[in-house]
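Read through the structure below, which is laid out as structure tokens, and then see the notes.
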There are 2 protein chains.
Amino acid sequence: MFPGPPAACQEHGGKGRFVRSVLERIGDKWSLMIIGSLHQGPLRFSALQQAIGGISQRMLTLNLRHLERDGLISRTVYAEVPPRVEYELTELGHSLLVPVLDLVNWAADHSDRIETQREAYDAALEGES
Amino acid sequence: MFPGPPAACQEHGGKGRFVRSVLERIGDKWSLMIIGSLHQGPLRFSALQQAIGGISQRMLTLNLRHLERDGLISRTVYAEVPPRVEYELTELGHSLLVPVLDLVNWAADHSDRIETQREAYDAALEGES
DNA sequence: CTGCATCCTAAATGATACTG
DNA sequence: CAGTATCATTTAGGATGCAG
């Protein structure tokens, strides 16, 4: 399943085979934000789309299926009109929520510093050319 | 810079504007693994490529530039023959390392359970069709 | 060894229209 | 409302060749 011959994350014993695919899922463009958006409880499809902002209906659907496949979120359909579908973190998803929120908080705490770094980097490039 | 009109991660005050771009960088397919691979100290280009496994030269170069631009890693060129280039986490990168390693450890701890979930999900789909 | 440039393919994503 | 399906576009990614 993994192309490279050497271990992906050798620091975690021999079972690192799947660690990589898990990281790839977590490292999806939207997964972190989806999981983070569900931290306070279940949300329905449209609410989730609003909370994330900028994600298309198609991408949200696809990513939700992926996360559901991995057992990180659950999908509940209510037989009503109009139909209502709620997504919620599973127990497994909640355990992932802890490190994910740490990461989101880190991003929030350091976002302006990174912004500064980017500007400095870009400015230095202009000076070279 | 962000398409969606509503706040990206509203749970973090008004400065959530850049949080999203930071999360997108962190959520890059390779960034997590690159940062994780540097946790024990500096690595040169080829060593990094081996440690990650499966990443092409081009992608590694590009991702390293991105991380360098964000001030997360530093690039040091040694004037030798053959040339040697070492990449190392900056102070900012080290602070990110903490939550990143938590995430990697989570992935390692739960990879087999997720693998099971995936198989169950796929099996259930076959039963439907 | 490092890494940039180029070409080319595969995958991700957006827009739109349509269905239960 | 919550999708699915399709098409068109963009982007990521790999392969190769060349340069410092």
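Naming: A, B, ... by sequence-line order, numbering from 1 per chain.
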Nucleotide of [options] approaching [X] most closely (side-chain heavy atoms):
X       : options               : answer
B/Arg65 : C/dC4, C/dT13, D/dG3  : C/dC4
B/Lys29 : D/dC1, D/dG20, D/dG13 : D/dG13
B/Trp30 : C/dT2, D/dG3, D/dG13  : D/dG13
A/Arg44 : D/dC1, D/dG3, C/dC1   : D/dC1

Round to the nearest Å and state the distance from [X] atom [atom1] to [N] atom [atom2].
X       : N      : atom1 : atom2 : answer
B/Leu62 : D/dG14 : CG    : P     : 11 Å
A/Gln50 : D/dC1  : CD    : P     : 10 Å
B/Ile55 : D/dG13 : CD1   : P     : 8 Å
B/Gln49 : D/dG14 : CD    : P     : 10 Å
A/Glu24 : C/dA12 : CD    : P     : 10 Å
A/Leu60 : D/dA2  : CG    : C1'   : 10 Å
A/Glu80 : D/dG3  : CD    : P     : 14 Å
A/Asn63 : C/dA11 : CG    : P     : 16 Å

So, is [X] close to the [N] phosphate, meaning a side-chain N or O under 4.0 Å from OP1 or OP2?
X       : N      : result
A/Arg84 : D/dA2  : no
B/Thr61 : C/dG3  : no
B/Tyr87 : C/dC1  : no
A/Ser56 : C/dA15 : no

Using atom types as modelled and distance alone, determine if a side-chain donor or acceptor of [X] lies under 3.5 Å from a backbone N or O of [Y].
X       : Y       : result
B/Arg20 : A/Gly53 : yes
B/Gln49 : B/Ile55 : yes
A/Ser37 : A/Ile52 : no

Less than 3.5 Å between a donor and an acceptor, one on the side chain of B/Gln57 and one on the base of C/dC4, is that the case here?
yes
Please tell me which of A/Val85 and A/Arg58 maps to the more 5' nucleotide of DNA chain D, matching each residue to the nucleotide holding its nearest heavy atom.
A/Val85
Do B/Arg25 and B/Val22 have side chains that approach each other closer than 4.5 Å (heavy atoms only, starting at C-beta)?
no
Taking the side chain as every heavy atom from C-beta outward, state whether B/His94 and B/Leu97 have any pair of such atoms under 4.5 Å apart.
yes
Please work out if B/Tyr78 contacts a base, only the sugar-phosphate, or nothing of the nucleic acid, heavy-atom cut-off 4.0 Å.
nothing
